[in-house]
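Heads up, the thing below is written out as structure tokens.
Chain A is the first sequence line, chain B the second, and so forth, proteins listed ahead of strands; every chain is numbered from 1. Note that these values count all heavy atoms, side chains included, but never hydrogens, waters or copies made by symmetry.
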There are 2 protein chains.
Amino acid sequence: MANGSSRATTLTDVARLAGVSVATASKALNGRAGVRTETRERVVDVAKRLAFQPNALAKSLLAGRTGTVGLLTSDMEGRFSLPIMMGVEDAFGAARTSVFLCDARGDSIREQHHVDALLSRRVDGLIVVGSRTEPRPSLGRGLPVPVVYVYSPSDHPDDMSLVIDNVAGASLAIQHLVTGGRKRIAHIAGDPGYQATHDRARGAEAALDAAGLSLACGRIHYGSWTEAWGRGATRMLLADEPAVDAIFCGSDQIARGCLEVLRDQGREIPDDVAVIGFDNWEVLTVNARPELTSVDMRLEELGRRAAQRLYEAIDERMTPGVEMLHCQIVQRGSTIPLN
Amino acid sequence: MANGSSRATTLTDVARLAGVSVATASKALNGRAGVRTETRERVVDVAKRLAFQPNALAKSLLAGRTGTVGLLTSDMEGRFSLPIMMGVEDAFGAARTSVFLCDARGDSIREQHHVDALLSRRVDGLIVVGSRTEPRPSLGRGLPVPVVYVYSPSDHPDDMSLVIDNVAGASLAIQHLVTGGRKRIAHIAGDPGYQATHDRARGAEAALDAAGLSLACGRIHYGSWTEAWGRGATRMLLADEPAVDAIFCGSDQIARGCLEVLRDQGREIPDDVAVIGFDNWEVLTVNARPELTSVDMRLEELGRRAAQRLYEAIDERMTPGVEMLHCQIVQRGSTIPLN
DNA sequence: TTGTATGCGTTATCAA
DNA sequence: TTGATAACGCATACAA
């Protein structure tokens, strides 16, 4: 019985060996009433001995449900889709629902292929994960299964979308710094070609405003999502406004670059300058010196929520519109309060 | 026709609307001979109009093949499993085969659940991705489908395993440094609890030996897979052997720490000291200052190869044993040759 | 060229 | 308590 050489056992095999009909065997194994205990035990026993696994295809064909969902992503890094997938598995219960993961690699043709393949496999629902916060083209509303858009909302208001509240997340970051006693707070933003960049900038400004503070340096610095930009911007910042005592960075990569230059220039962190990032990407935050405080987007929770929404929609309870999830601060060494 | 509200169209629907029998409709859509052109066109037309997607469940039930594979991982980061999955999708052709991704989270109970679920879904094969190079327990040879173990080999010689040649990869790294004219080469290794650590150390020593060199500092430094360890080890190294002119690090994280301390102590990279990492994890290598040369494990290729092996095995052509893939150097700014 | 009938593996209904 | 049978959606062998 080497791998692949043996046909999978069917209910018929079990029934025959147990000396009953398939109907009885089915009832016995599914715990349905109306089967003698002794018979049930015999059937169960045989099933176990043959390592019988009921054919989910046949079941699904009959039930009209497969217990599978498609997760459509375009994020090669897996930075977003994997935590989200964990959340999905979690919420559904790994045993009951399996996830098809498909990567469209940013190509809409390939995406359509995947959608077709998933639909023909009769997934119960689709989760579409984007890697940018700008709205993405809807898959349309003619699909035979519900769809939840995650991270990137759909551009159609009748779809269900689940997104991160970047504005509030950035406000949280600023509030965290303000609570720590910081007065001269600067913001190094990411790529201005991203909506997330502007949302975070907006959130930062609003929170500063609310705290009666204004931006150190008078303006926000826009650049890219790289450490190199973090380094360059920090140098500029220190030249323009040497008295800066806190920096909110638009991403953890930027923050890493920022930390490096601050250290190079002899600033103590967090005593002289506090630094906070965004994303809470552990390989970056935990390895930083000192460890980097960051805004966590709670992607797993996002995945769990998506699974919930999908589950409800499968049961015909759609909740169209965009739902926002809030972020949370994960505090580490780069922002110990002054006091 | 909102999401989820409409039943999927079946071949029967198409046949009825086209005014033919299901058999004729089937033949027409599958390009089988024996159907009048005019009829075929009518059927195809109707199918298109109804957005008909043949039910893969029914097809599979009949064919005994599902065109799906299960990818079993235990690597939450996705550092390994995602590139491997890309390779798999690639090799199979995204349209023909879909991948169930399951994360066991290092728990063997959960793993068994996933295996059961996948088998009951009648996947055509299983790919088991580990995150360490030590052999892992075999799923056994009684399974009705072929299994390929990737990155972590199975502990049973009759299984098919696909692994990285860490020994040769480390040798490559050393050769790269030697070719660049380096004479006093040190190695900062990772966590001694990992077999990969010792394999890489062995490969490094062999290559040094072959080049007639010996380890700068006389010994290998073992620690952990962190930047902090990279920093600490580099400090020790520079104290013990200030003349070191190249450092091979057991991982990119270690290398990042190493680079940082070298810069802190005023060493020019790569002029004074060349540094090479292992993993080629882009978020780390490309953002480093200077950008980090690293050993790439070609995980996508590993995935493609796994898909191939699986595909062959599904067609009853098993190739048991452990196959090794070689690594390759990706050169960046941290190792420009001296000359 | 077209249609009818059968089977894939399962569950549910109903008759025995 | 058990078993025969009809679905589920499709492809195919065979009859018309």
Side-chain angles (χ1 to χ4, degrees), chain A residues 6-44 46-47 50-68 116-117 119-124 144-145, chain B residues 6-44 46-47 50-68 116-117 119-124 144-145:
Chain A
S6 67
R7 209 185 94 275
T9 18
T10 78
L11 186 59
T12 314
D13 299 332
V14 176
R16 185 170 30 228
L17 217 77
V20 297
S21 71
V22 283
T24 307
S26 172
K27 284 179 227 163
L29 292 175
N30 292 314
R32 315 223 62 91
V35 43
R36 194 150 43 113
T37 318
E38 200 252 355
T39 313
R40 159 162 298 134
E41 278 167 0
R42 198 167 70 248
V43 173
V44 167
V46 172
L50 297 185
F52 169 68
Q53 293 282 3
N55 185 327
L57 300 175
K59 256 188 186 162
S60 305
L61 190 55
L62 207 51
R65 272 203 188 191
T66 54
T68 62
D116 290 347
L119 289 181
S120 81
R121 299 230 144 82
R122 294 301 186 262
V123 292
D124 294 332
V145 297
Chain B
S6 67
R7 210 183 94 274
T9 0
T10 80
L11 186 58
T12 314
D13 299 332
V14 176
R16 186 170 29 227
L17 218 76
V20 298
S21 71
V22 283
T24 306
S26 172
K27 285 179 227 163
L29 292 175
N30 292 315
R32 315 223 62 92
V35 45
R36 194 152 41 116
T37 318
E38 200 252 354
T39 314
R40 160 163 297 132
E41 280 167 0
R42 199 168 68 247
V43 173
V44 168
V46 171
L50 296 187
F52 170 68
Q53 293 281 4
N55 186 327
L57 300 175
K59 260 185 159 138
S60 305
L61 192 53
L62 212 48
R65 271 201 190 194
T66 55
T68 62
D116 290 347
L119 289 180
S120 83
R121 299 231 142 84
R122 294 301 186 262
V123 293
D124 294 333
V145 297

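Distances were taken from every side-chain heavy atom of Ser21(B) (C-beta onward) to each of dT4(C), dA11(D), dT2(D); the shortest belongs to dT4(C). Out of dT2(C), dT12(D), dG9(C), the shortest distance to the side chain of Asn55(A) is found at dG9(C). Side chain of Pro54(B), nearest nucleotide from dC10(D), dG3(C), dT2(D): dC10(D). Of the listed nucleotides (dG9(C), dT12(D), dT13(C)), dG9(C) has the atom at the smallest distance from the side chain of Leu61(A).
The side-chain heavy atoms of Val43(B) and Val14(B), taken from C-beta on, include a pair separated by under 4.5 Å. Within the 4.5 Å cutoff, the side chain of Ser60(A) has no heavy atoms near those of the Arg122(A) side chain.
In this structure, the side chain of Arg121(B) engages the main chain of Thr66(A) through a donor-acceptor pair within 3.5 Å.
Between Thr24(A) and dG3(D), a side-chain N or O to OP1/OP2 separation shorter than 4.0 Å is present. Look at Ser26(A) and you won't find any side-chain N or O under 4.0 angstrom from OP1 or OP2 of dA12(C). Note on Arg32(B): a side-chain N or O is less than 4.0 Å away from OP1 or OP2 of dT12(D). Side-chain N/O atoms of Lys59(A) include one lying less than 4.0 angstrom from OP1 or OP2 on dT11(C).
Atom pair Glu41(A):CD and dT1(D):P shows a separation of 13 Å (rounding to whole Å applied). Spacing between atom CZ of Arg36(A) and atom C1' of dG3(D) amounts to 14 Å, rounded to whole angstrom units. Across the protein-nucleic acid pair, Asp13(A) atom CG and dG9(C) atom P stand 8 Å apart, rounded to whole Å. For the pair Lys27(B) NZ and dA5(C) C1', the interatomic distance rounds to 12 Å; values are reported in whole Å. Atom CG in Leu119(A) sits about 16 Å away from atom C1' in dG9(D), given to the nearest Å. Between the CZ atom of Phe52(A) and the C1' atom of dT11(C) there is a distance of 11 Å, given to the nearest Å. Following rounding to the nearest Å, Arg16(A) (CZ) and dG3(D) (C1') show an atom-to-atom distance of 16 Å. Between Leu11(A) atom CG and dG3(D) atom C1' there is a gap of 13 Å when expressed in whole angstrom units.
In terms of heavy atoms, Val123(B) sits closest to Val145(B) at O-CG1, 3.2 Å. Among all heavy-atom pairs drawn from Ser120(B) and Pro54(A), the shortest one is CB-O, 3.3 Å.
Between Ala23(B) and Leu57(B), the one whose closest nucleotide on DNA chain D sits nearer the 5' end is Leu57(B). Of the two residues contacting DNA chain D, namely Arg42(A) and Val22(A), the nearest-nucleotide position lying further toward the 5' end is that of Arg42(A).
Using a 4.0 Å heavy-atom distance criterion, Ser60(B) is classed as making no nucleic acid contact. As judged by a 4.0 angstrom heavy-atom cut-off over every strand, Leu62(A) is placed among the base-contacting residues. Backbone-only contact: Thr10(B) has heavy atoms under 4.0 Å from sugar-phosphate atoms and none from a base. Nucleic acid contact class of Val20(B) (heavy atoms, under 4.0 Å, all strands): sugar-phosphate only.
Of the candidates Val46(A), Val44(A), Leu29(A), Leu29(A) is the only one forming a side-chain contact (heavy atoms from CB on, under 4.5 Å) with Phe52(A).
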